[in-house]
> 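The structure's right below; bear with me while I get my questions together.
In the text below, chain A, chain B and the rest are named by the order of the sequence lines, each starting its count at 1.
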There are 2 protein chains.
Amino acid sequence: MGVVDGKPGLRERKKQRTRTAISEAAITLFLEHGFNQVSVAQVAEAAEVSKRTLFAYFPTKEDLVVHRLADHETEIARVVRARPPRTAPLAAVREHFLKGLRERDPITGLNDHPQVRRVHQMILDAPSLVARMDRFKTGAEQALTQALQETADIPELTARLAAVQIVAVQWALAQDNAERLAYGEPAGERYAGAVKDAEHAFSLLENGLRQLTPRG
Amino acid sequence: MGVVDGKPGLRERKKQRTRTAISEAAITLFLEHGFNQVSVAQVAEAAEVSKRTLFAYFPTKEDLVVHRLADHETEIARVVRARPPRTAPLAAVREHFLKGLRERDPITGLNDHPQVRRVHQMILDAPSLVARMDRFKTGAEQALTQALQETADIPELTARLAAVQIVAVQWALAQDNAERLAYGEPAGERYAGAVKDAEHAFSLLENGLRQLTPRG
DNA sequence: GGGGATTTCTGCACCGGGTATACTTTTACT
DNA sequence: AGTAAAAGTATACCCGGTGCAGAAATCCCC
């Protein structure tokens with residue numbers, strides 16, 4: 001069985017091709033007609049594959065869309081683990097997010113390429129995809145919890161609390177950016193505000209909600 | 001039975017009875033055999049109602065379980081709105097949560113009545129129910145965002161950021177409590193720790209994550 | 001290059017959640 | 001009593017997802 005260096009073997013190559021064929025057929029159809037308006041049977045047909053085979057590659061219809069984001073699920077956790085010594089986890093996450101803004105990483109919500117925006121809109125329009133994104137968020141929380149525990153020497157509950165706050169805030173920032181771009185604001189114009197908002201948000205995380213004025 | 005007090009009208013009363021009949025049949029069957037092991041057709045039959053009628057009362061299978069929690073979705077928002085003058089929103093939420101712990105409100109995760117625990121376990125065992133709870137959380141965030149904006153005079157983004165943090169933390173606390181009870185710890189014994197943890201969590205929320213030690 | 005073992009793919013039948021339609025029963029109102 | 005509106009029902013259907021048994025492709029060793 002051992003192919004030592006170059007080739008993945010014909011079988012593996014074909015599998016990979018089939019996989020991308022299915023995925024691309026799916027995205028194309030979904031973007032054109034909407035997620036809920038296209039059945040998996042249609043996707044399978046477009047990819048020239050049986051329905052059964054489609055489900056051998058992607059466990060659910062939603063995964064046809066979301067599998068592309070799989071890497072991002074553990075991204076924050078990896079950033080925390082890889083932070084330089086004597087750096088606070090939060091600082092590392094903040095720098096990473098700011099870098100994401102600079103590079104217009106779609107995960108920051110600050111990418112206005114039509115393709116990206118359309119995918120985003122498609123997700124928002126399909127409740128089951130939104131639900132899937134929530135599971136995603138949960139995964140990110142868990143990964144971050146573990147990363148914090150293993151690299152910051154804090155109790156488990158504290159790690160969990162910090163993780164859920166960090167993930168929630170970052171998600172909220174991204175949603176806010178994406179919302180504004182959906183309204184037509186170009187990424188370039190939004191950038192400065194996005195940075196300011198991110199810094200505000202991370203400062204809130206660092207310093208707490210005390211500043212929320214009491215009413216009366 | 002009494003015929004005199006006919007304020008709601010026969011039609012309304014019958015509807016209400018049908019509704020609770022369906023709901024109770026559902027809970028009973030789900031607790032006995034598991035959420036995924038019981039079909040809505042079986043629930044309908046047990047409630048002596050057609051499948052179509054069941055879906056006229058509850059839009060999805062999951063709602064058969066979670067409709068009982070509908071009130072809690074806006075609970076935090078209401079607490080914030082109803083707080084006494086010159087009180088910080090966060091303080092109001094904290095006091096409310098601590099009161100929930102004292103009263104063993106199931107939403108704090110600190111209720112170990114068998115019925116409550118079984119429902120909780122049932123939800124955890126069914127991914128679609130977990131997803132539904134996430135939507136719930138989102139609803140709570142939105143309601144709280146609005147409440148904060150309207151009563152605390154802060155910008156929208158700040159309100160959103162605060163809201164997601166608060167909801168996330170409270171949720172994490174409840175999950176932690178429920179997890180421990182699931183392991184067999186009685187609510188009475190857990191209470192002190194739960195209070196301590198809650199105070200820790202709210203202090204973290206108030207004062208920020210600065211205290212997270214840098215490594216190196 | 002042949003041929004068996006193994007993996008992948010396929011068609012088909014099936015299940016369960018959810019909806020459309022067209023019809024019957026029940027309640028409400030005068 | 002009689003009729004309009006509301007609620008309930010039966011049936012057939014769509015779609016996502018799975019089990020199964022067999023056909024086809026790939027691998028690997030001789």
> Would you mind reading off the distance between A:R132 atom CZ and D:dG16 atom P, rounded to a whole angstrom?
16 Å
> Which nucleotide in the set C:dT10, C:dT8, C:dG18 lies at the smallest distance from any side-chain heavy atom of B:T60?
C:dG18
> Does the base of C:dA20 carry an N or O that pairs as donor and acceptor with the side chain of B:R52 under 3.5 Å?
yes
> Side chains of B:T108 and B:D105 only: does a donor on one sit below 3.5 Å from an acceptor on the other?
no
> Would you say A:T53 reaches C:dC9's phosphate, i.e. side-chain N/O to OP1/OP2 under 4.0 Å?
no
> Would you say the side-chain atoms of A:T158 pair up with the backbone N or O of A:I154, donor to acceptor, closer than 3.5 Å?
no
> Which part of the nucleic acid, if any, lies within reach of A:S39 when heavy atoms closer than 4.0 Å are counted: base, sugar-phosphate only, or nothing?
sugar-phosphate
> So does A:L181 get a backbone contact from the side chain of A:D112, meaning a donor-acceptor N/O pair under 3.5 Å?
no
> Tell whether A:K51 reaches the base of C:dG11 with its side chain through a donor-acceptor pair below 3.5 angstrom.
no
> Between B:R13 (CZ) and C:dT27 (C1'), how many Å, whole number?
11 Å
> Check every atom of D:dG16, D:dA10, C:dG17 against the side chain of B:K61 and return the nucleotide holding the closest atom.
C:dG17
> Base, sugar-phosphate, or nothing for A:Y57, non-hydrogen atoms under 4.0 angstrom?
sugar-phosphate
> A:L54 has an atom CG; how far is it from atom P of D:dT18, in whole Å?
11 Å
> What is the separation between atom CD on B:E48 and atom C1' on D:dT9, rounded to the nearest whole Å?
14 Å
> Starting the side chain at C-beta, find the nucleotide from D:dG17, C:dG11, D:dT9 nearest to A:F55.
D:dG17
> Establish, from distance only, whether the side-chain atoms of A:H33 and A:Q42 form a donor-acceptor pair under 3.5 Å.
no
> Could you state the atom-to-atom distance from CZ of A:R19 to P of C:dT7 in whole Å?
20 Å
> Students often get this wrong, so: under 4.0 angstrom with heavy atoms, is A:V38 touching a base, only sugar-phosphate, or nothing?
sugar-phosphate
> Under 3.5 Å, is there a donor on one side chain and an acceptor on the other for B:T20 and B:S23?
no
> Without decimals, in angstroms, what is the distance between B:E12 CD and D:dA5 P?
17 Å
> In this structure, how many angstroms lie between the P atom of D:dG17 and the CG atom of B:N36, rounded?
13 Å
> In whole angstrom, what separates B:L29's CG from C:dG17's C1'?
16 Å
> Hey, which sits more toward the 5' end of DNA chain C by its nearest nucleotide, B:V40 or A:S50?
A:S50
> Looking only at the side chain of A:K14 (C-beta and beyond, no hydrogens), which of the listed nucleotides C:dG16, D:dA25, C:dC9 gets closest?
D:dA25
